[in-house]
S.K.: 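This is the structure, below, for whatever I ask next.
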Amino acid sequence: MPARADDFDLAGLGLSSGEAKRRELTVRIAPVVLAGERFTADPQDVEVVLDVSRMTGTGHALRLRFATALAGPCMRCLNPAAPIVEVDAREVDQPGGGAELESPYMTGEVLDLAAWGRDAFLLAAPEQVLCRPDCLGLCPECAVNLNEAEPEHHHERGPDPRWAKLRGLLEDES
């Protein structure tokens, strides 16, 4: 297993302008909250590939790649779900180049790899965390899991309350 590095000192790479290096590291991805539910990376200690390129002057171009499961409840049926999230994130840090060229994950030559990994993981997460793509969810009448219910599961619908006045008028005429 690669070395754990939640913070990574880029100065230790000793890169000159135009030079690049790749490092395989382990980063702990902190839990995230989506739609009021807590989700975790599974496993939380994720093997990542970090590519660092030295730009001319003092800047860096950074690329972070990893894949891990997003574990938590399915947003339709509440059963456990763990879709795989693939992350391919890039950052540029060019000190003095303006806000769009300065990475919020860099402090001097130190990269906050744990914060960047968590944010990139969250941005790559699906809009809906599902146990399976065709999850049917819960029955709106009785809350039974429709993935496990019999195919003939249904409920008789009562009369539409919007027609109650008309129904009352028709009953008065008879």
S.K.: Would you find more than 12 non-hydrogen atoms of other residues, nucleotides or ligands less than 6.0 Å from Glu127 atom CD?
M.R.: no
S.K.: Any heavy-atom pair between the side chains of Arg54 and His60 that's under 4.5 Å?
M.R.: yes
S.K.: Which distance, rounded to the nearest 0.5 Å, do you find between the CG of Asn145 and the NE2 of His153?
M.R.: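 So the CG of Asn145 and the NE2 of His153 are separated by 10.0 Å.
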S.K.: Rounded to the nearest 0.5 Å, how far does CG of Asp93 lie from CD of Glu109?
M.R.: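 Those atoms lie 8.5 Å apart.
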S.K.: Counting only N and O atoms by type, is there a donor-acceptor contact under 3.5 Å from the side chain of Ser103 to the main-chain atoms of Val92?
M.R.: no
S.K.: Please determine whether residues Leu70 and Leu122 belong to a single hydrophobic cluster, defined as Ile, Leu, Val, Met, Phe, Trp and Tyr linked transitively by side-chain heavy-atom distances below 4.5 Å.
M.R.: yes
S.K.: Let me check something: do Val32 and Val87 share a hydrophobic cluster, defined by ILVMFWY side-chain heavy atoms less than 4.5 Å apart, either directly or through other members?
M.R.: yes
S.K.: Provide the closest heavy-atom pair for Gln94 versus Gly59 in the form atom of the first, atom of the second, distance.
M.R.: OE1-CA, 3.7 Å
S.K.: Nearest 0.5 Å please: distance from the CZ atom of Arg28 over to the CD atom of Gln44.
M.R.: 5.0 Å
S.K.: Ignoring hydrogens, what is the shortest heavy-atom contact between Ala41 and Thr68? Give both atom names and the distance.
M.R.: CB-CG2, 4.0 Å
S.K.: Within this structure, what is the CZ-CD distance for the pair Phe66 and Glu24, rounded to the nearest 0.5 Å?
M.R.: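 CD of Glu24 is found 14.5 Å from CZ of Phe66.
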S.K.: Applying side-chain contact (heavy atoms from CB on, under 4.5 Å), run through Met75 and Leu34 and close with a yes or a no.
M.R.: CA-CA 10 Å; Met75 291 182 171; Leu34 299 170; 4.1 Å; yes
S.K.: Hydrophobic clustering (ILVMFWY, side-chain heavy atoms < 4.5 Å, transitive) - are Leu13 and Leu111 grouped together?
M.R.: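 Yes.
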S.K.: Are Leu78 and Phe39 connected in a single hydrophobic cluster, I mean Ile/Leu/Val/Met/Phe/Trp/Tyr linked by side-chain heavy atoms less than 4.5 Å apart?
M.R.: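 Unlinked, Phe39 and Leu78 end up in two clusters.
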S.K.: Once you round to the nearest 0.5 Å, how far does CG of Asp9 lie from OG1 of Thr107?
M.R.: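 Reported to 0.5 Å precision, the distance equals 11.5 Å.
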S.K.: Leu64 and Leu15: same hydrophobic cluster, using ILVMFWY side-chain contacts below 4.5 Å?
M.R.: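 Yes, same cluster.
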S.K.: Are there more than 12 heavy atoms of other residues, nucleotides or ligands under 6.0 Å from atom CD of Glu152?
M.R.: yes
S.K.: Could you tell me if the side chain of Trp116 sits less than 4.5 Å from the side chain of Leu50, heavy atoms only?
M.R.: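 With C-beta onward as the side chain, the pair touches.
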S.K.: Do you know which two heavy atoms are closest between Cys142 and His155, and how far apart they sit?
M.R.: SG-NE2, 3.3 Å
S.K.: Please examine the side chains of Tyr105 and Asp119, heavy atoms only from C-beta on, and report whether any two atoms are closer than 4.5 Å.
M.R.: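 Yes - at least one pair of side-chain heavy atoms lies under 4.5 Å apart.
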S.K.: For Ile29 and Gly117, which heavy atoms make the closest approach, and how far apart are they?
M.R.: CD1-C, 3.7 Å
S.K.: Heavy-atom distance under 4.5 Å between the side chains of Cys77 and Leu136, does that happen here?
M.R.: no
S.K.: Do Asp51 and Arg65 have side-chain heavy atoms sitting under 4.5 Å apart?
M.R.: yes
S.K.: Which atoms form the tightest heavy-atom contact between Ser17 and Met55, and what is the distance?
M.R.: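 Distance-wise, the nearest heavy atoms are OG-O, 3.7 Å.
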S.K.: Out of Asp6, Asp45, Asp7, which one pairs with Val27 under the side chain to side chain contact (heavy atoms under 4.5 Å, CB included) rule?
M.R.: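 Passing option: Asp6.
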S.K.: Can you tell me how far CZ of Arg132 sits from CZ of Arg76, rounded to the nearest 0.5 angstrom?
M.R.: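 CZ of Arg132 is found 10.5 Å from CZ of Arg76.
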S.K.: Which heavy atom of Ala120 sits nearest a heavy atom of Ala89, and at what distance?
M.R.: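 Smallest heavy-atom distance, with atoms named: CB-CB, 3.8 Å.
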S.K.: Would a 4.5 Å heavy-atom cut-off, applied to side chains only, mark Arg23 and Val52 as touching?
M.R.: no
S.K.: For the residue pair Asn147 and Cys135, establish whether any side-chain heavy-atom pair is separated by less than 4.5 Å.
M.R.: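 Yes, at least one pair of side-chain atoms sits under 4.5 Å.
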